[in-house]
Structure formats: C-alpha cells, structure tokens
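Contents: one structure, followed by commentary.
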Amino acid sequence: MPSVDSKDQRFRRSRRDGDSQVSNVSPLRVSGSPFSMKTVGIGVLVVCLICSWQFILLTRHVDQPEPHGAIGQNAVNEAMWRYIGVHEANLSSMAYQQRDIAHVLGELGEDLKRQHKELRLVEEQMHVQGNGRGAVDFSAQQQLEDKRLAHLQSSINQIVQQTSASILTAQQSGELPPLRDLEKERPRPPPVPERPGERPPPQVNGISGNFPKEWLERFSHEELMASAKEAEKWREGAKKTVLHAWNGYKQKAWGEDELKPTSGQKGRTWAKCGLQILDALSTIYLMGLTEQFDEATKWVEESLKFDYVGMVSFFEITIRALGGLASAHSLSGKEIFLTKAKELADKMMPAFDRETGFPATQVNLQTGQGAKGWYAGTVLSEAGTVQLEFRYISQQTGDPKYAEMADKSMRSIIRASGGKGLVPWGLSRQGAPRAINQHITFGAMGDSYYEYLLKMYLQTDSTEPEWKEAWERAMREMMQRLVLKTQGGLTYVAEEQSGQVRHKMDHLACFVGGMLVYGARQLPASQVDKAWEPAAAGITETCYQMYHRQPSHLAPECVTFVPNGAEGSDMTIWQNAAHYLLRPEAAEAIFYMFYYTGDPKYRRMAGEIYEAIEQHTRTTYGYSAVRDVRQANPQMRDEMETFFLAETMKYLYLTFLPNPREVLDLNEFVFTTEAHPLRVFRKGGQAVPSNLRGNR
C-alpha cells in the first residue's frame, strides 16, 4: 500500500518500531486516501449549494414582458420557443449535474468505506503488535468514528434523494418536461473507419424481413418470406459456384486472362492483365467474399501491368478491365483501383478519333496506336459502350478529357442517326458520321448502345437530357416496329434488315427486358410509356422459355419465332446456333424484374437456370460453355468467359437475396454492360437520398 506523504510514512514506521504515541495522527487520515473528515464535509456542503442554486434557476426562470404589454402572435410563438429552449437547456444542465454529483457522492461514500476498512486493519495490527506490552484500547475512538461514518453516509443519501424528489415534483407540476434519455444523447466519439474512404464488402446474414413497399403492395409478408427462404439454398450455392471457379482459376491460371475450366490450362490472352481477376472484382465484393477480394486487391497492387505487346480489343478491355477497376473503386473506395483505372485509360485515350470521337477497334497499350479490326467501319455497340467507364474516370479525377472524348463518340452516333431513334449497327469510320448498312438489331453489334443512352442520363443524376431524349426516340420506334408477340404468347424483339422484319432474337437481346423495366421505374412517371413494363415482363418470360424448353434447361445463342405458331411451337433454334456460352442477359432481365416487383416467380426462374448451370457446366476447375443445349447432357467446350463471374453469377446471386436493395441500391448505382456497378455522380459530388429522388 503506497504512502501519500511523509506523515503517513512516519505513522507506519512508528507502528513497526512499537511507538505508542499516536494521539497526533488523525484516525481517518490513512494510507491511500486524499480526503480528511473536514474535506469531505466541505465537499458535501458545496455540492448542496450547487444543487440548490441550479434548482432555483430552473424553477424561477421568468422572462420580462414585452413593452406596453402588447405581443403579436409571432412574438408569442418566438417567446414560447425561447422558454422551451431555456428550460430544455436548464433541464439538461441540471440532469447532467445531478448525475455527476451523485457519481461524486457515491465515490465519496465508497472512499469512506475503504478508509474505515483500512483503519480497522491498522488497529488490528496495532493490537497484535502491542500484545503483552500495554496494547492501546481504541474501543471508544472506534465507536465515535463509526457514528461519524454512518452520519456522513446518511447525509449523502439524503442529498441524492432530495435532489431527485425536487426534480420529480417540478415535472409533475408541469414546470419541467420529462427528462430525456441523456445517456443516449450524450455525445459519443464517431466510430473509426478501417481506412479513410474505404468500405468493407457487405455481409448478408439471414433474412431481415425488410421488404420494399412496392413488393408489399402486391404480395403478403408471408409470401415474400417463403420466397426468401426457398432461395437460401440458391444464394449459398451461387457463392460456392463463384468460389469453385475462383479457386480453380487461382490454382491453374492465376494472373492469366482466362482459364480453360476442363483441362485446367490457361485460356485466351486478351491483354495479359489478369482479366478474370479484374472482371470478377465487383462480384466477389458484393458477395462479401472478403478473403478473395483482399487477395485480388493485393495482386492489383503488386502485379497488374498494362504492357502487353500487341493489339487488344478496345471495347472488351474497356468493359471488362477498365469497368472492373472503376467498379471496384466505386464499391470499396480503395484508391489503388482508381490509380490503375486511370493508368489504363491514359494508355487507351490516343485510340479515340479526334474528329468523331469513335474509338479504334483495337489499341496497342504500349503505344496507344489504334487499328481497325475485322470490320472496315465502326460497330455501333463498340462506339456506344465506353461512356460510363470513361466518364467515371473524369468524375473521380476531375480531368474532363476522358468524358469529353467518350461523349463525343455518342454524339457522333446520334448525328449519324439523322434524328431517328433506331440506328444501324454499321457506321462510317472517317468523315461525317453516317450509317453504312441497314441492319438494326438489339443483339450482337447493336445492343448496349441503347442501354448506355439511358444509363448515361441516370449516371449523372438525370442532368443531361440529350441522352434520355435519344433513348426515348429509340424506344418509341422499337415498340412500334420490333416488339412483337407470337400467337402462342411469346413477346420478342425482332431485327430489321433493309426495312424487312426478321423474326430472330439473340440471347444478347434479352437485356431489353431489364432495360425497359429499369427505365419505367427510374424515370419520373410522367415520362414513362405504360407499355414499357408489360413488354419487359413479356420479353423476360420469353428469355426464360429459351432455357426452360430445352432438355438441358440451358439456352441457345439465337432463336427464331413463328408468329402464327401455337404455344410450344412458336420458337426454334436459329441456324443450329445451339451452343450456350454462360451468357448473362436472361439472368439480367430476371434480376431487374425481381428487383422492382418482388414477384417470387422471377426468383424461381433464376433458380432453375442456376441449377441447370450447376448440373451441366460444372468442371474440375470451373464452369464450361456447352456445345448443344438440345442434348440432355451436353458436351462441354472447355471455355469459361470472364463475364460468367462478372455478370451471370452476380445477377443470379442478387436475385436470390431476400432484398437485393439492402446490398445494392439502383438509385445510387448504375450497372455497366458488364454488370459493374458505378456510383451515381451528383452535382457537387453529393448523393441525394433515395426517398427524395421522385418516382424511383
């Protein structure tokens, strides 16, 4: 027990030496205590005075009346709010002081008890040491100190009780409002983030039971809970699917662009930049696969380089690599992803044509030199599907050059349309932008141009109407000329060749179902065509039937429709294009329909597709494309496109979530064509709360 001062040291030393002269030492001035009896008494008196003064201020506070005794309604209101503010402040101050005083008095009481205990120990030691040598009798002194201690403890309890009773009386008389929960309202230090600006992957644990209002207007809470429970096995299975493919790639082809999932060999080389890693970043993040996301991040930090010798596809590198890096930054906030995305964008910028803004078909990442590819002109989807990614780089770096060039390309397409909505997929490469063929399609080579018109408008918080206006023109013409329905009830999106309708639809065109419901729900109601959402539902059903009607429950690459065909005989595979490449567009449409409606049937559609993928495409190291979906057990092709993890599995997983809005809010993010979420850019960089954004 440490000493407090020299007197205490002398006191203890005299006891060891048998010194009996203790009359000059205060019995309460013992080791370990800074208080004397006199100090404690003064402290209690001061506390009483403070409590009394605060109570008087609280209960007697009165403002002086206005001059001449005339007060208008506004002045009365102002005075009332002033009284409320004053009483609230006094109440808070008094409540805090009451609690602090009680705390101090409690400590005093505990200290007195501790001193009394120590005193008794000292006395016992003195009796033992003095035994047989004239021990000192402390009985009378001990009784006196016991009385003093009991009296002081009683005084402390009375002060606390009187203070509480006074406040309670004032509350009951109406002079004071009820006390708030000050423990909850007392300021707390903010939580310290793991790293400034960074966001950890989301975690989904169980079913919260929180469903969107729009869902509950159509389905009961019990129905939605039952659907969520049914989907639990698919949700967990989807994560295992991604982990299986990820681990196979890590084991056999880590750092390569692709993996051959059957043989375990590396696949095609796109740009020798670990394309599978970059394309899967946003999926493993949204799935909450923290370990895998961290190892991917480490690879990007230590190993990612853009120094491939040779030409690479400008379009594919934009949507898979640049989009993957931009999305990883947008979701996680990790600066390394933005740094690498900017590095890649800088290497690609020279390949934009300065006059039209059209990107070259191919680009050399070492020199920036562009080159044409298989087509002499410019492909519509390639010129119109780089904007979201390059605009994001400008938004985040503050350098407008990336967005300016990408927007220039889109404006050149709109000029080439001649004021029309639908644009042929073949455009000129040099000179004034113009169409050089007459093939209109929402499938290969045309598709994502239309998707990006709408998403560019939403990406910048609905502040650039030129993109929405071009999209609306295209939708009007599409609905009038290309959205058709068979006698058997299948709604589809046809193509047009030189003005003639072709009843052919690519699996790629299934995205239209998602795009239409997205526009119907994200745009203000006054700007929405009521035919969009029913058409979206019909197209999504047709795309599901592409899977359901095949023996393997996997979809072919293209189908044709028989307009007069009855149900079950109104759709056939186009020109033997029976292969399945693990494509995502049907899952995409199903996701959007489920996101906005909550209809359990869409989740069951997704579940059937997922089970077919697991049954027929799983290999030792991943998942493979198949040769012929018409076979009950189709042969595999030993190919796994990176978009399988980037898109197909992401859309399926999000559909299996109890409420996908809790993981990804489409008021705050837009998906690129590769399903990479990019955060909506607000004017001034500030996000507008979802409930203040109109009919969204």
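Since the model is a prediction, treat every value here as computed from it, not as a measurement.
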Aromatic ring centroids of [X] and [Y] under 6.0 Å?
X      : Y      : value
Tyr449 : Trp471 : no
Phe293 : Phe337 : yes
Tyr602 : Tyr595 : no

According to the interplanar angle, ranging from 0 to 90°, do the rings of [X] and [Y] count as parallel (below 30°), tilted (30 to 60°) or perpendicular (above 60°)?
X      : Y      : value
His439 : Trp425 : perpendicular
Trp234 : Phe656 : tilted
Tyr623 : His244 : perpendicular
Trp246 : Tyr249 : tilted
Phe390 : Phe352 : perpendicular

- Task: Report the C-alpha separation of Arg481 and Glu496 in whole Å, then their side-chain angles, then the decisive distance to 0.1 Å, and conclude whether the salt bridge (Lys or Arg N to Asp or Glu O under 4.0 Å) test is met.
- Result: CA-CA 9 Å; Arg481 292 156 50 184; Glu496 193 174 271; 2.5 Å; yes

For the pair [X] (side chain) and [Y] (backbone), establish whether a donor and an acceptor sit closer than 3.5 Å, ignoring hydrogens and angles.
X      : Y      : result
Ser282 : Ala328 : no
Thr655 : Tyr651 : yes
Thr463 : Thr460 : yes
Asp257 : Cys273 : yes
Glu477 : Gly421 : yes
Glu647 : Pro584 : no
Ser417 : Ile414 : yes

- Message: Could you work out, with salt bridge (charged side-chain N to carboxylate O under 4.0 Å, His left out) as the rule, every residue matching Asp346, not counting sequence neighbours?
- Response: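 With sequence neighbours excluded, Asp346 shows a salt bridge (charged side-chain N to carboxylate O under 4.0 Å, His left out) to Lys342, Lys401, given in chain and number order.
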
- Query: For Glu469, which residues count as a salt bridge (charged side-chain N to carboxylate O under 4.0 Å, His left out) partner, sequence neighbours excluded?
  - Reply: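 Counting only residues at least two positions away or on another chain, Glu469 forms no salt bridge (charged side-chain N to carboxylate O under 4.0 Å, His left out).
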
Regarding [X] and [Y], does a basic nitrogen lie under 4.0 Å from an acidic carboxylate oxygen?
X      : Y      : result
Glu472 : Lys468 : yes
Asp407 : Arg391 : yes
Lys298 : Glu301 : no
Lys272 : Glu256 : yes
Arg661 : Glu668 : no
Glu230 : Arg603 : no
Arg268 : Glu639 : no
Arg320 : Glu641 : yes

- Would Ser227 and Arg604 count as a side-chain contact (heavy atoms from CB on, under 4.5 Å) if you check the C-alpha gap in whole Å, the side-chain angles of each, and the deciding distance to 0.1 Å? CA-CA 9 Å; Ser227 175; Arg604 288 192 289 271; 5.6 Å; no

Find the distance between [atom1] ([X]) and [atom2] ([Y]) and round it off to the nearest 0.5 Å.
X      : Y      : atom1 : atom2 : result
Thr283 : Lys239 : OG1   : NZ    : 13.0 Å
Leu331 : Leu678 : CG    : CG    : 8.5 Å
Thr441 : Leu380 : OG1   : CG    : 10.0 Å
Thr672 : Leu322 : OG1   : CG    : 9.5 Å
Thr642 : Ile319 : OG1   : CD1   : 8.0 Å
Met349 : Asp399 : CE    : CG    : 8.0 Å

[Y] and [X], any side-chain heavy atoms less than 4.5 Å apart:
X      : Y      : answer
Tyr544 : Met593 : no
Thr361 : Val379 : no
Met456 : Leu388 : yes
Thr542 : Gln545 : no
Trp467 : Gln459 : no
Val423 : Ile440 : no
Trp215 : Asn659 : yes
Val242 : Ile284 : yes

Do [X] and [Y] pair up side chain to side chain, a donor and an acceptor below 3.5 Å, judged on atom types alone?
X      : Y      : result
Gln522 : Tyr596 : yes
Thr540 : Tyr592 : no
His507 : Tyr547 : yes
Glu389 : Thr318 : no
Trp270 : Glu258 : yes

- Task: Would you check, one step at a time, whether the test side chain to side chain donor-acceptor pair (under 3.5 Å) holds for Thr241 with Tyr610?
- Result: CA-CA 10 Å; Thr241 295; Tyr610 169 69; 2.9 Å; yes

- Item | side-chain contact (heavy atoms from CB on, under 4.5 Å) between Glu588 and Phe671, intermediate numbers included | CA-CA 10 Å; Glu588 176 183 357; Phe671 276 118; over 6 Å; no

- Over 12 non-hydrogen atoms of neighbours within 6.0 angstrom of CD in Glu217: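 Buried by this count: over 12 neighbours within 6.0 Å.
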
- Message: Tell me whether the count of non-hydrogen atoms from other residues, nucleotides or ligands lying under 6.0 Å of NZ in Lys347 goes above 12.
- Response: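 Yes - once you tally the heavy atoms of other residues, nucleotides and ligands closer than 6.0 Å, there are more than 12.
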
What pair of heavy atoms forms the shortest contact from [X] to [Y], and how long is it?
X      : Y      : value
Ala296 : Ile277 : CB-CG2, 3.8 Å
His676 : Ala646 : CE1-CB, 4.2 Å
Thr673 : Ser448 : OG1-CB, 3.5 Å
Phe669 : Pro677 : CD2-CB, 3.9 Å

- Item | Contacts of type ring-ring contact (aromatic ring centres under 6.0 Å, His included), residue His616, not counting sequence neighbours |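 Applying ring-ring contact (aromatic ring centres under 6.0 Å, His included) to His616 gives none.
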
- Is there a salt bridge (Lys or Arg N to Asp or Glu O under 4.0 Å) between Asp599 and Arg218 once you walk through the steps? CA-CA 8 Å; Asp599 193 330; Arg218 297 186 57 196; 3.8 Å; yes

